[in-house]
Asks: 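This is the structure I have questions about; it appears just below.
Both backbone and side-chain heavy atoms feed into the values below; hydrogens, waters and symmetry mates do not. Residue numbers start from 1 in every chain, and the chains themselves are labelled A, B, ... in the order their sequence lines are given, proteins ahead of strands.
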2 protein chains.
Amino acid sequence: MAKASDRAYETIRAMILSGELESGDQLGEEALAERCGVSRTPIREALRRLESELLVRRTDSQRSFVADWSLDDVADAFELRAMLEGYAARRAAERMTPEALERLRSINARVRVAVRATKPDVDGFLDGNRDFHALILDTASSRRLSGLLGALIEQPVVWRTAQHYGREAFQRSHSEHEDLLAAFARRDGDWAESVMRGHIRRAFHAYSDAHRGLASLDLGAA
Amino acid sequence: MAKASDRAYETIRAMILSGELESGDQLGEEALAERCGVSRTPIREALRRLESELLVRRTDSQRSFVADWSLDDVADAFELRAMLEGYAARRAAERMTPEALERLRSINARVRVAVRATKPDVDGFLDGNRDFHALILDTASSRRLSGLLGALIEQPVVWRTAQHYGREAFQRSHSEHEDLLAAFARRDGDWAESVMRGHIRRAFHAYSDAHRGLASLDLGAA
DNA sequence: CGAAGATGTATTGTATACAAAACGGGGAAG
DNA sequence: CTTCCCCGTTTTGTATACAATACATCTTCG
């Protein structure tokens, strides 16, 4: 059975990603311990871990809160992702095997179906997208790189707004994955890095547009 | 007074950086607790922190060891540093203030003295170098970037071999800092990023050369 | 002689109790 | 009315005890 601290970590993380805990909410150890059914000891460990992943912020006086992200923060995170995942794509291209390439193709075929449906299958897209990027990172085989990127991918604020992407954003993303596959097939690191950087940067613009749209909706509702 | 867990963190970190604890040494919580004069609780916290900074490695069965770095690992870390510090230099150039620029110049003047002495002042060089890079990172003002780079800078294996750099390596490093100052003065982000990348990559080559030298010395002694 | 299994020992995981520090509210002084 | 301080409450930090797990050694069997 998994350790209690691991379960606590997963539980709290899920509560943050799902939005059950909102940005700025205080994370009292006692309260979390009760919710997770464990003592404070494993909770403390889970909080330190989430803090190192930037999902949790601690004040000077050691109190923990759900991290809040300004648009600048998000832009910053995406730019870092663009560089690091660009590097990952380069390494992956240099280390690409026929098996990994085949798996990437099959993942992307799944995404194609999700994207081309009359009503785009958002969850299907997100799952395929995650698998695609994860396999690239895995093929890059740098534990250090994986560690750094782990802190940046799957930020709640990011993928929750993907729900509001337009159809063309999904389709563009899919076709950029096809470009990556071509670069991988030729084992062309320069090309793969360049495509991946553009891919991530355009993803930020899609996020940014969707976010602006949401913000004006909020204003309209207020 | 600082927290016991902070003191434990500093103590263990110093023991690793100084070489008192060597690569591969096991870090038993009980033993460390005794050495630091605290209980296991703050030690556990310190170990998690050091682990997230990659100074400590944990096995599948949760035992902690001083991390060991293969040459590939070091190359990997330097390449990541090259990209991230390149980005830091770009942001710093865009955000440069007259005050920060002046401080960078004065730091580099100190380094010049250390480097040009008849017998190069290695500690003086390392201190100045660290301050120089730290101030750039600070000027870049991205907490996320600082967090990621924190895990990569000041790795023991790196700066301990700086002791064996040749005089020309020190001087080249110093003159590259001058180039960076010029880029900062013009607020030229592209230039600063490019110079910084080359700077870090050449630092790796200097490390790599010194390391090869040491390896043959070891072989000669055996 | 080698390999698989059992057992004692070392090490980590968790719960709990208490100590220390930070926050918040209410009251007194200006 | 505002500001500062005091004190009760809340929250975090540390020590300790015990439970669970992993490791190493020795034994036993093939």
Asks: Can you classify the ring geometry of B:His199 versus B:His133 as parallel (below 30°), tilted (30 to 60°) or perpendicular (above 60°)?
Replies: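 The rings of B:His199 and B:His133 lie parallel, inter-plane angle below 30°.
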Asks: Among the nucleotides C:dT12, C:dT14, D:dT12, which one has an atom lying closest to any side-chain atom of A:Glu29?
Replies: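 The listed nucleotide nearest to A:Glu29's side chain is D:dT12.
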Asks: Answer yes or no: is there a side-chain heavy-atom contact under 4.5 Å between B:Leu27 and B:Val66?
Replies: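 Result yes, sub-4.5 Å side-chain heavy-atom pair found.
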Asks: Under 4.0 Å between a Lys/Arg side-chain N and an Asp/Glu carboxylate O for B:Glu193 and B:Arg197?
Replies: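 Looking at B:Glu193 and B:Arg197, the cut-off is met.
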Asks: Of the non-hydrogen atoms in B:Ala8 and B:Cys36, which two are nearest, and what is the gap between them?
Replies: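 So the minimum-distance heavy-atom pair works out to CA-SG, 4.3 Å.
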Asks: When you measure from the side chain of A:Ser61, which nucleotide among C:dT14, C:dC23, D:dT14 comes out closest?
Replies: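 Closest of the options to the side chain of A:Ser61: C:dC23.
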Asks: Rounding to an integer number of Å, can you tell me how far A:Asp60 CG sits from C:dA22 C1'?
Replies: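 Rounded to the whole Å, the gap is 12 Å.
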Asks: Atom CD of A:Gln62 and atom P of C:dA21: how far apart are they, to the nearest Å?
Replies: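 One finds 12 Å between P of C:dA21 and CD of A:Gln62, rounded.
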Asks: Any residue in residues 35-46 of chain A with a heavy atom nearer than 4.0 angstrom to DNA chain D? Just list them by number, or reply none.
Replies: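 DNA chain D contact set from residues 35-46 of chain A: A:Arg40, A:Arg44.
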Asks: Got a salt bridge between B:Glu79 and A:Arg90, using NZ or NE/NH1/NH2 to carboxylate O under 4.0 Å?
Replies: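 Looking at A:Arg90 together with B:Glu79, the answer is no, because their closest N to O distance does not fall below 4.0 Å.
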Asks: In whole angstrom, what separates B:Phe65's CZ from D:dA22's C1'?
Replies: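 To the nearest whole Å, that distance equals 11 Å.
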Asks: Quickly work out the A:Arg63 CZ to D:dT10 C1' distance and round it to whole Å.
Replies: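 Spelled out: CZ on A:Arg63 to C1' on D:dT10 is 7 Å.
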Asks: Tell me: CZ of A:Arg58 to P of D:dT11, nearest whole Å?
Replies: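 A:Arg58 atom CZ is separated from D:dT11 atom P by 15 Å.
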Asks: Would you call A:Leu104 and A:Met96 a side-chain contact if the rule is heavy atoms closer than 4.5 Å?
Replies: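 They are in contact (side-chain heavy atoms under 4.5 Å apart), so the answer is yes.
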Asks: Please tell me if B:Ser5 has a side-chain N or O lying less than 4.0 Å from either OP1 or OP2 of D:dT14.
Replies: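 Checking D:dT14 against B:Ser5, a side-chain N or O does come within under 4.0 Å of OP1 or OP2.
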Asks: Just the rounded figure in Å: distance from P of D:dT14 to CZ of A:Arg48.
Replies: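 So the CZ-P distance, A:Arg48 to D:dT14, works out to 9 Å.
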Asks: How many whole angstroms separate atom CG of B:Leu27 from atom P of C:dA10?
Replies: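 After rounding, the gap between these two atoms is 19 Å.
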Asks: Calculate the interatomic distance between A:Lys3 atom NZ and C:dA15 atom P; express it in whole Å.
Replies: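 So the two atoms are 12 Å apart, to the nearest Å.
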Asks: So does B:Arg49 pair up with B:Asp6, basic N to acidic O under 4.0 Å?
Replies: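 Salt bridge flag = yes for B:Asp6 with B:Arg49.
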